[in-house]
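Report on one structure; see the data block that follows.
Residue numbers begin at 1 in each chain, while the letters A, B, ... track the order of the sequences.
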Amino acid sequence: MTRVLITSALPYINGVKHLGNLVGSMLPADVYARFARSMGHDVLAICATDEHGTPAELAALEAGQDVATYCAEQHAIQKRLGDGFHLGWDYFGRSSSPQNRELTQAFARALWKNGHLEVRTTKQVYSNAEKRFLPDRYVIGTCPHCGYDRARGDQCENCTRVLDPTDLVNPRSALSGSTDIEIRDSAHLFLKQSQFVPRLRQWIDSHRSEWPHLVYSIANKWLEEGLHDRGITRDLSWGVPVPDDIGDGKLKGKVFYVWFDAPIEYIGATKEWADANNKGEQWRDWWQGKDVRYIEFLGKDNVPFHTVGFPVTIMGADEGWKLVDQIKGFNWLNYYGGKFSTSQKRGIFMDAALDLLPADYWRYYLMANAPESADASFTWEHFASVVNKDLADVLGNFVNRITKFCAARFEGRVPGEGAYGDEEKALIAELDRRVAELRNFFEAMEFRKALAELRAIWVAGNEYLTRAAPWTHIRTDRARAAVAVRMGLNLVHTFAHLSWPVIPATAVKIHETIQPVAGGGRAVPFPTDPMAKELDQLEGGQPIRASDVLFAKIADEQVAEWKARFGGD
RNA sequence: GGCAGCGUAGCUCAGUGGUAGAGCAGGGGAAUCAUAAUCCCUUGGUCGGGGGUUCAAAUCCCUCCGCUGCUACCA
């Protein structure tokens, strides 16, 4: 049994995530985790909210809450929505947990001890009005290059030039508009990433053939352009405090930069899991044990932090923590060609999606159209056509037609008469091939291809049923009709097992038309027996239940209404 | 500006040197078990433009155009 450690990029705390966030890390991680469990592997799936940083402070301010309360509430909301989408994490932690504080400080101490950190004095913008330091992006002013008067301190959105806040003419706080700001000296810890270039180069190149092209090329680009040392502390109050024994007391009152502590929370959340479940030191074995395969799921914006930043932290600490083996990176899901946007409320968010339709509709559509090789685009029209055709017509109707026929003509019991003939053998051969392909695609995390194969398997069921035509044979040759129905019901059962990683709730419903799911449903096993056995396992006489409609079709009027409500164009 | 990814049928996308593919949509037919759901056949593309290498290019090279993203203090 292989042990598989899976992490999803941590969703940021400031509000409900949209479908682009979901399909870019949390959902594929869950589908893969379910597949791995269904293959019998020992899986630990970890996620958490990323709670530190300026945006969290500001969101709390806007909500009129203190930041700890705000984060606790938002965490609960994100956890509930994750459950609503059947994201089966072993643990959904919080980067503000005591476990993460302890680990982050321990990593920093190790880096300090090993000489990979140094204190540098930097110039920071301080706002007297807000009585706080401002990140570059929260200082606005007139661009010295193009004269745009709302340029941000990190970059001018108008001429795209990279700026320093001190470049701005008439700088002011983006929060209050106050011009009562000044530049102050501030000491910060820098992680000497530049020293790690040769090791990173070797490590990244060793994964070149294994990692997706997208991931390798982004990682490679950062190395090619020359790694800068990176500031890993900030002048904020909300975050993991820098311990006094680092930096000779020059960093009193400062916290670590969220990008330093957020990846460490992968480990922190694993400890949260262990603490919450009496697992003792098992969390450590997942991260320092030898036989673990570690896979990260993340959007392309996160690639640099997972191929450079976090690996440098782990290499520099030199305490045997596990580096990632496989990185599954995703492009963006767009909404009618433009970006999903949390700040502009553009697109569909997890809470709104679940208000419209059950999770499995979204899970199937999103994974079938995952932005794997390029950005993908969501439209209501496309969503409706995929749901209606693939889920309602091809899968749902298949289960419906055969179980209802069995109920009407065979008293709702698996008919035991007759023996499989040429038609059945041809189907078995086809499915042996297709199921092997499906398994390969899941193992390779090629989700679009996996779902296309899954769909082709459902189609093969319909093709078989048309050829076997029990509704015709029932009039003249009951045994022949019985064979077709028995095979049809075996197909229903097998479809439930094959589909579970993608549409877990529906898969269980489908399974229950035939018989209850064994073993409490922690995982519905992926079929590994030859199809000849797999498709011939239902007992003659065993009662089944005609299925209800599994997937309701989406009507044109609903598409029109949702487009109007969510702003498609 | 620099860098990266992408550009293939009406739509969404496979395809990295060997006769252009799938699903959906469109057209024709079969069947009547089923949510009018299914199945079979089929129309449709000078692979963004141009140039080059090669016996052979969607695929390799050059160049131009377009879209998207990144550019290190948003995360």
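Here B/rG23 presents its C1' atom at 14 Å from CG of A/Leu391, a figure rounded to the nearest Å. Separating the CZ atom of A/Phe447 from the C1' atom of B/rU12 is a distance of 19 Å, rounded to the nearest angstrom. If you take CD of A/Glu372 and P of B/rG5, they are 18 Å apart, rounded to a whole angstrom. Atom CG in A/Asp375 sits roughly 11 Å away from atom P in B/rC6 (whole-Å rounding). Regarding A/Phe398, its CZ atom lies at a distance of 10 Å from the P atom of B/rC39, rounded to whole Å. Taking atom CZ on A/Phe196 and atom P on B/rA72, their separation rounds to 22 Å, with Å as the unit. Distance A/Glu463 CD to B/rA30 C1': 15 Å, rounded to the nearest Å. Residue A/Phe551 contributes atom CZ, which lies 16 Å from atom P of B/rU35 at whole-angstrom precision.
Under 4.0 angstrom from either OP1 or OP2 of B/rU38 there lies at least one side-chain N or O belonging to A/Lys389. The side chain of A/Tyr257 contributes no N or O atom lying less than 4.0 Å from OP1 or OP2 of B/rC74. Dashed line: the shortest gap from a side-chain N or O of A/Arg401 to OP1 or OP2 of B/rC33 is not under 4.0 Å. Look at A/Arg475 and you'll find a side-chain N or O under 4.0 angstrom from OP1 or OP2 of B/rU32. The side chain of A/Lys339 contributes no N or O atom lying less than 4.0 Å from OP1 or OP2 of B/rU68. Side-chain N/O atoms of A/Arg230 include one lying less than 4.0 angstrom from OP1 or OP2 on B/rC73. When the side-chain nitrogen and oxygen atoms of A/Lys449 are compared with OP1 and OP2 of B/rG15, one or more of them lie within a distance under 4.0 Å. When the side-chain nitrogen and oxygen atoms of A/Arg152 are compared with OP1 and OP2 of B/rC73, none of them lie within a distance under 4.0 Å. Contact between the side-chain N/O atoms of A/Lys404 and the OP1/OP2 oxygens of B/rU35 is found at a separation under 4.0 Å. Between A/His382 and B/rC24, a side-chain N or O to OP1/OP2 separation shorter than 4.0 Å is absent.
With a 6.0 Å cutoff to the six-membered ring centre and a 45° limit on the axis angle, A/Lys192 does not count as a cation-pi contact of A/Phe196.
Taking the nucleotide of RNA chain B with the nearest heavy atom to each of A/Gln124 and A/Ala552, the more 5' of the two is matched to A/Ala552. Across the interface with RNA chain B, nearest-nucleotide mapping of A/Ala374 and A/Leu550 shows A/Ala374 to be the residue nearer the 5′ end.
Nucleotide B/rA31 is matched to nothing when pairs are restricted to Watson-Crick or G-U wobble geometry with both distances under 3.5 angstrom. Across all strands shown, B/rG1 forms a Watson-Crick or G-U wobble pair, both distances under 3.5 Å, with B/rU71. Summarising the base pairing, B/rG26 is matched to B/rU42 through a Watson-Crick or G-U wobble pair whose two defining distances lie under 3.5 Å. Nucleotide B/rU54: unpaired (no Watson-Crick or G-U wobble partner with both distances less than 3.5 Å). Base pairing of B/rC6: its partner is B/rG66, meeting the Watson-Crick or G-U wobble criterion (both donor-acceptor distances under 3.5 Å).
Atom P of B/rU42 sits at a distance of 12 Å from the matching atom of B/rG23, rounded to the whole Å. Distance noted for atom C1' between B/rG18 and B/rC60: 15 Å (whole Å). Atom name C1', nucleotides B/rC55 and B/rU19: the rounded distance is 15 Å, in whole Å. B/rA31 sits 13 Å from B/rA37 when the C1' atoms are compared, rounded to a whole Å. For the P atom pair drawn from B/rA9 and B/rG21, the interatomic distance equals 14 Å after rounding to whole Å. When the P atom is compared between B/rA20 and B/rG44, the two are found 15 Å apart, to the nearest whole Å. Between B/rU46 and B/rU8, the two P atoms lie 13 Å apart (nearest whole Å). Nucleotides B/rC74 and B/rG17 place their P atoms 41 Å apart, quoted to the nearest Å.
Nucleic acid contact for A/Arg448: sugar-phosphate only, since backbone atoms but no base atoms lie under 4.0 Å from a heavy atom of the residue. At the heavy-atom level, A/Trp332 lies under 4.0 Å from the strands shown only through sugar-phosphate atoms. No contact: A/Leu10 has no heavy atom under 4.0 Å from any strand. Residue A/Thr379 is classed as having no contact, given no heavy-atom separation below 4.0 Å to the nucleic acid. Heavy atoms of A/Pro55 sit under 4.0 angstrom from primed sugar atoms or phosphate atoms, though from no base atom. A/Val459 comes within 4.0 angstrom of the backbone, heavy atoms only, and of no base. Within the 4.0 angstrom heavy-atom criterion, no nucleotide atom of any strand lies near A/Asn220. When heavy atoms are screened at a 4.0 angstrom cut-off, A/Arg455 is found touching the sugar-phosphate backbone but no base atom. Counting non-hydrogen atoms under 4.0 angstrom, A/Val549 reaches a base of the nucleic acid. Nucleic acid contact class of A/Ala262 (heavy atoms, under 4.0 Å, all strands): none.
A donor-acceptor pair under 3.5 Å is absent between the side-chain atoms of A/Arg234 and the main chain of A/Tyr257, judged by distance alone. At least one donor-acceptor pair closer than 3.5 Å links the side chain of A/Thr403 to the backbone N or O of A/Ser547.
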Apply side chain to side chain contact (heavy atoms under 4.5 Å, CB included) to A/Phe260 and A/Leu111, showing your working.
CA-CA 12 Å; A/Phe260 184 71; A/Leu111 290 168; 3.8 Å; yes
- Task: Please report the C-alpha distance between A/Leu168 and A/Leu163 in whole Å, then the side-chain angles of each, then the deciding distance to 0.1 Å, and finally whether the side chain to side chain contact (heavy atoms under 4.5 Å, CB included) criterion is met.
- Result: CA-CA 8 Å; A/Leu168 294 172; A/Leu163 303 175; 3.9 Å; yes
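A/Trp380 and A/Tyr335 share a side-chain donor-acceptor pair at under 3.5 Å. Residues A/Asn220 and A/Arg208 bring no donor and acceptor atom of their side chains to less than 3.5 Å of each other.
Separation of the A/Phe551 and A/Tyr361 ring centroids falls under the 6.0 Å cut-off.
Centre separation under 5.5 Å together with a plane angle under 30° holds for the ring of A/Trp471 and the six-membered base ring of B/rC33, marking them as stacked.
When each of B/rC73, B/rC39, B/rC3 is scored by its nearest atom to the side-chain atoms of A/Lys221, the top-ranked nucleotide is B/rC3.
With values rounded to the nearest 0.5 angstrom, A/Ile13 atom CD1 is found 7.5 Å from A/His75 atom NE2.
Under 3.5 Å, the side chain of A/Asn397 and the base of B/rA34 form at least one donor-acceptor pair of N or O atoms.
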